[in-house]
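Take a look at the structure below.
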Amino acid sequence: MVRVRFAPSPTGYLHLGGARTALFSWLWARSQGGRFVLRIEDTDRARHDEASAEAILESLRWLGLDWDEGPEVGGDFGPYFQSERQAIYRQFAEQLVARGVAYRCYATAEELKAARDAHTASGSKAPFKYPGIWRDRTDWPEHQPYAIRLKVDERGQTGWNDLVKGRIDIPNQTQQDFILLRSDGLPLYNFGCVVDDLSMKIDIVTRGDDHVINTPPQLLIYEALGHEPPRFAHVPMILSQSGEKLSKRHAAVSVLEYRDAGYLPEAVLNYLARLGWSHGDQEIFSKEELIRLFAWENVGTSAARYDAKKFLHVQATHLRRQSPQRLAELVRAAIRSDEAVDARWLADNVTLDKAIATATSRATTLEEVANTIRYALLPRPHYDSSAVAKFLSEAACALLVEFAALLESLPTWELGALETATQDWLDARNLSMKALAQPARVALTGQSKNAGLFEILDVLGLERSCDRLRSAAQALRSGAEEAPL
RNA sequence: GUCCCCAUCGUCUAGAGGCCCAGGACACCGGCUUUUCACGCCGGGUACGCGGGUUCAAAUCCCGCUGGGGACGCCA
């Protein structure tokens with residue numbers, strides 16, 4: 001059974017790049033009937049942060065990237081927080097020392113700094129390397145803290161066949177006797193990562209491109225441990241719109257920001273998947289399609305730039321593909337916290353469904369849907385002052401009052417008939433549809449931009465429509481020119 | 001500086017030697033539709049970084065250059 005993992009460090013939130021790495025792993029696990037393992041890399045206490053870890057879990061939950069093993073669900077290979085695995089790292093490290101492939105290093109931070117400074121002063125262009133002071137010594141001082149370093153043979157090269165990048169070989173000369181376990185007992189990233197991937201029986205390590213350089217040391221550790229390494233898949237990075245590494249400085253990199261802005265999780269997944277992966281000319285994918293179609297060979301090799309407009313387009317497309325039921329559910333959730341909204345209308349399926357149906361072609365996010373239909377859920381719409389000033393002239397208001405009377409005079413409240421009757425009525429007065437529609441739209445919704453007039457009338461119904469037409473006109477008449485709506 | 005990765009329209013990408021004087025999507029620019037705003041529909045421009053090879057044939061293979069990105073911690 002395939003076992004893959006996502007191993008984020010809890011440094012604040014799940015960003016787009018991390019989410020995509022998680023997605024690719026998850027897709028592979030799901031398509032192979034494998035296991036998706038979540039492990040939190042919080043070895044460094046400075047990085048151990050409950051809130052951050054929770055934000056990551058929440059992001060994954062929202063995206064629907066469920067994990068089979070990890071925090072909250074447990075599993076046979078736990079614990080799944082590195083901070084709880086220190087004994088395991090120690091055991092592995094000491095085992096390597098016992099076998100003579102790693103050694104204790106008692107060099108202090110000061111000594112190392114001095115060596116580094118001397119190296120810098122010498123003007124050498126080569127990068128500084130640990131001079132191997134303790135490599136072959138056994139005169140270990142008592143009660144002194146020590147780090148554990150791997151004995152690295154700097155001849156030859158270390159390489160692997162990357163699932164996305166193909167063959168990569170890196171000269172061992174670029175390596176050194178790097179640290180496995182710090183003198184305070186905590187593992188360094190490369191060691192903790194290998195020990196965990198090994199003991200959790202991971203067979204594909206998926207991570208960002210920026211980790212390519214960590215792979216040779218990790219391979220050396222697998223070798224020292226006497227184990228076959230897993231396979232590696234290094235996915236290209238996501239760059240900001242301006243082409244730099246994505247960071248908090250760039251707007252909206254956190255997954256939860258998209259949730260809060262009214263994006264759909266499947267839209268985020270779709271957009272992320274298409275950033276670096278492709279399936280011919282297809283742009284829109286459901287989650288199920290992604291699972292079915294995902295393959296490592298179709299993951300691209302070059303970095304991709306984040307593009308907000310394309311993302312929005314993908315989001316809009318997914319929004320329009322939602323079933324009315326799900327959409328109503330999501331819009332309710334998005335709108336619930338708005339206290340001005342009348343719960344009665346929010347609960348009214350007929351009104352809500354009709355309203356939502358008029359909004360999907362002109363909104364891209366749930367947030368926008370909510371804003372578009374809010375007029376139907378409020379006791380009185382919120383009137384946009386410039387719209388009122390522009391369209392609710394005295395003449396227009398008079399027309400609205402007459403229009404209300406017309407509506408009430410109709411034998412049935414049926415859309416087709418309503419439209420014909422209105423058109424005839426306008427024709428008789430030699431007026432254009434525009435002359436009525438704009439003022440009416442403002443009176444009914446408070447906005448100059450919204451659904452078609454007859455759609456709005458249908459959403460509100462006869463009674464509320466007439467009420468709004470008259471009260472808007474009334475308010476203007478009684479309340480002077482500054483439109484006290 | 002050293003090492004590594006990458007290189008097709010503005011952006012995401014299709015393209016695994018002839019089907020490509022390069023296709024799709026977003027964006028952009030026109031037009032149609034029209035009760036506003038959208039949706040939708042039709043049309044348009046724009047790309048294989050450069051130089052060498054290999055081959056009957058190269059966007060596709062090889063080399064170099066250039067450009068971009070990443071990594072060089074007792075961080076992850």
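Letters A, B, ... are given to chains in the order of the sequence lines, protein chains preceding strands, and every chain is numbered from 1.
C48(B) has its base anti relative to the sugar, with a glycosidic angle deviating from 0 by more than 90°.
Using cut-offs of 30° and 60° on the angle between ring planes, the pair H234(A) and F232(A) is parallel.
Taking the side chain of R441(A) as heavy atoms from C-beta on, and the options A76(B), U35(B), C39(B), the nearest nucleotide is U35(B). Taking only side-chain atoms of R305(A), from C-beta outward, the nucleotide of U35(B), U11(B), C74(B) with the closest atom is U11(B). Distance from the side chain of T174(A) is smallest for C3(B) among the nucleotides C39(B), U35(B), C3(B). Closest approach to the S278(A) side chain among C3(B), C6(B), A14(B) is made by A14(B) (side chain taken as heavy atoms from C-beta onward). Nearest nucleotide to the side chain of K449(A), out of A71(B), U35(B), C37(B): C37(B). Nearest nucleotide to the I213(A) side chain, out of C74(B), A76(B), G70(B): G70(B). Proximity note for R362(A) (side chain, C-beta onward) versus C6(B), A38(B), A76(B): the nearest is A38(B). Residue R116(A) places its side chain closer to G73(B) than to any other of C6(B), G73(B), U36(B). Each of C74(B), G69(B), C39(B) was ranked by its minimum atom distance to the side chain of L239(A); first place goes to G69(B). In this structure, of C3(B), G70(B), C74(B), it is C3(B) that holds the atom nearest to the side chain of P171(A).
If you check G1(B) for Watson-Crick or wobble pairing at under 3.5 angstrom, you find it paired to C72(B). Across all strands shown, U34(B) forms no Watson-Crick or G-U wobble pair with both key distances under 3.5 Å. Pair check for A14(B) finds none; no Watson-Crick or G-U wobble contact set falls under 3.5 Å. C21(B) is unpaired under the Watson-Crick or G-U wobble criterion, no partner having all donor-acceptor distances under 3.5 Å. Using N1 to N3 plus N6-O4 or O6-N4 for Watson-Crick, or N1-O2 and O6-N3 for G-U wobble, each under 3.5 Å, C9(B) pairs with nothing. Base-pair partner of U54(B): not found among the strands shown (Watson-Crick or G-U wobble, both distances under 3.5 Å). Under the Watson-Crick and G-U wobble criteria, each requiring two contacts below 3.5 Å, nucleotide A59(B) is left unpaired. For G49(B), the paired base is C65(B) (Watson-Crick or G-U wobble, both distances below 3.5 Å).
A salt bridge does not link E289(A) to K287(A): none of the charged nitrogens lies less than 4.0 Å from a carboxylate oxygen.
Nucleotides G1(B) and C62(B) are separated by 29 Å at their C1' atoms, to the nearest Å. As rounded to the nearest Å, C50(B) and G43(B) have P atoms that lie 31 Å from one another. For the P atoms, the distance from U11(B) to G69(B) is 14 Å, rounded to whole Å. If you take atom P in A25(B) and the same atom in C37(B), they sit 25 Å apart, rounded to whole Å. G31(B) and G24(B) are spaced 22 Å apart, taking the C1' atom of each and rounding to whole Å. Spacing of C1' atoms, A58(B) relative to A16(B), comes out at 13 Å, to the nearest Å.
Counting any heavy atom pair closer than 4.0 Å across all strands shown, G192(A) reaches no nucleic acid atom. At a threshold of 4.0 angstrom between heavy atoms, the contacts of A109(A) with the nucleic acid are absent.
Side-chain contact of E266(A) with Q322(A): a donor-acceptor pair under 3.5 Å is present, judged by distance alone. At a cut-off of 3.5 Å, with distance as the only test, a side-chain donor of S199(A) or R85(A) sits close to an acceptor on the other residue.
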Checklist entry - For nucleotides 16-31 of chain B, read 5' to 3', which letter fits each nucleotide if B means a protein heavy atom sits under 4.0 Å from the base, S means only the sugar-phosphate is that close, and - means neither? => result -------BBBSS----
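For the side-chain contact (heavy atoms from CB on, under 4.5 Å) with R149(A), the lone residue among L96(A), V97(A), I179(A) that qualifies is I179(A). Applying the ring pair (Phe, Tyr, Trp, His ring centres under 6.0 Å) test between Y258(A) and each of F311(A), Y271(A), Y13(A) identifies F311(A) as the sole match.
Between the side chain of S278(A) and the backbone N or O of G280(A) there is no donor-acceptor pair closer than 3.5 Å. E414(A) places a side-chain N or O within donor-acceptor distance of the main-chain N or O of A417(A), the cut-off being under 3.5 Å.
Taking the six-membered ring where the residue is Trp, the centroids of W277(A) and F285(A) are separated by under 6.0 Å.
Taking side-chain N and O atoms only, T43(A) has a distance below 4.0 Å to OP1 or OP2 of A76(B). The phosphate of C74(B) (OP1 or OP2) has no side-chain N or O of S183(A) nearer than 4.0 angstrom.
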